[in-house]
Amino acid sequence: MEIDRRAFIASLGGVAVVGAMDHEARADALEDYAVEGLNAVVAQTQAAVGTFPTVAELDAEIEMRETRRGVGNLFVGRGENVTRLKPMPAKPTLKDFFELRFAPANHVLQSATRALKTGMSEEIILACLLHDTIQSIMKTDHGWWGAQLYEPYVPEKTTFAVRYHQALRFYADSQAGYEYPDLYRRVFGVDYQPPPHIQATYKMVRNHKWYMEPRLVTVNDLYSFDPKAVVSLDPFIDIIGRHFKQPKEGLGNDNSAVAHMWRTIANPDAPL
Ligand SMILES: [Fe+2]
Ligand SMILES: [Fe+2]
């Protein structure tokens, strides 16, 4: 896909902003821009002819890929070699992970910004901010992986919302303002049926008193990329401070049951 250089720079906030970004952040931003641009082009084409791939067609593509579809973003070179990651500080905080490993984190920042603007609870805003960050190391079953990563540090409602947004996104709830996205017809196949564990989870969550927590994550989940959106972690620093129990030893050093997950995100280059 051809990249309109001027539009790309403008989407990031101008030449000065791009100049202040390091190589890694720029590469990530470019990838986001290209992927989303490509998604938009594919979506337009498919909408024009009214077609989406089938499950069988997507299945047939498995052997044409160099990596499996569930692999986390930190482990793939996106058609190029992977880049050197900046070292993490000795006692890394959530903010450090956002800046050094999740960046540009456009999708989750846009989701959290929408939740903030629409006056949602701080637990939901935090859930929106965190909901897909696990995709840096794992995409498969990312709701469960993500909830596990954050469970020791965030309110129970936030964990619940992160874990179950994965299942709810397959089920429309027009009353809540959530329609099944075309993106999933494209990504999973037009005839896709969620597996039994997702169907069972949906049934359970649909009748749970906290149903709206993960539902609101799906409502704030944005499936179309806004290239003009200028997003930052700054509006969320206070919410993180109030609700994220930052371990004093640093994430990955606190001997929690999930410390190894943080260490893997910090150092995906470790061979074993
Ligand atoms: Fe997600
Ligand atoms: Fe998402």
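The figures here come from the full heavy-atom set of this structure, side chains too, leaving out hydrogens, waters and symmetry mates. One-based numbering, in listed order, for ligands and for the atoms of each.
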Hey, which N, O or S atom on His107 ends up closest to the Fe ion (ligand 2)? NE2
Identify which protein N/O/S atoms are less than 2.8 Å from the Fe ion (ligand 1). Asp132 OD1, His142 NE2, His165 NE2
Who are the side-chain contact (heavy atoms from CB on, under 4.5 Å) partners of Gln135, not counting sequence neighbours? Asn73, Asp132, Lys139, His142
Nearest 0.5 angstrom please: Leu85 CG to Leu100 CG, how far? 9.0 Å
Compute both the distance and the angle, then confirm whether Arg206 meets the cation-pi test with Tyr211: under 6.0 Å from the six-membered ring centre, within 45 degrees of the axis. yes
Centroid-centroid under 6.0 Å between Tyr171 and Tyr178 rings: no
Is it true that His243 and Tyr153 have ring centroids separated by less than 6.0 Å? no
Find the distance between NE2 (His107) and SG (Cys128) and round it off to the nearest 0.5 Å. 9.0 Å
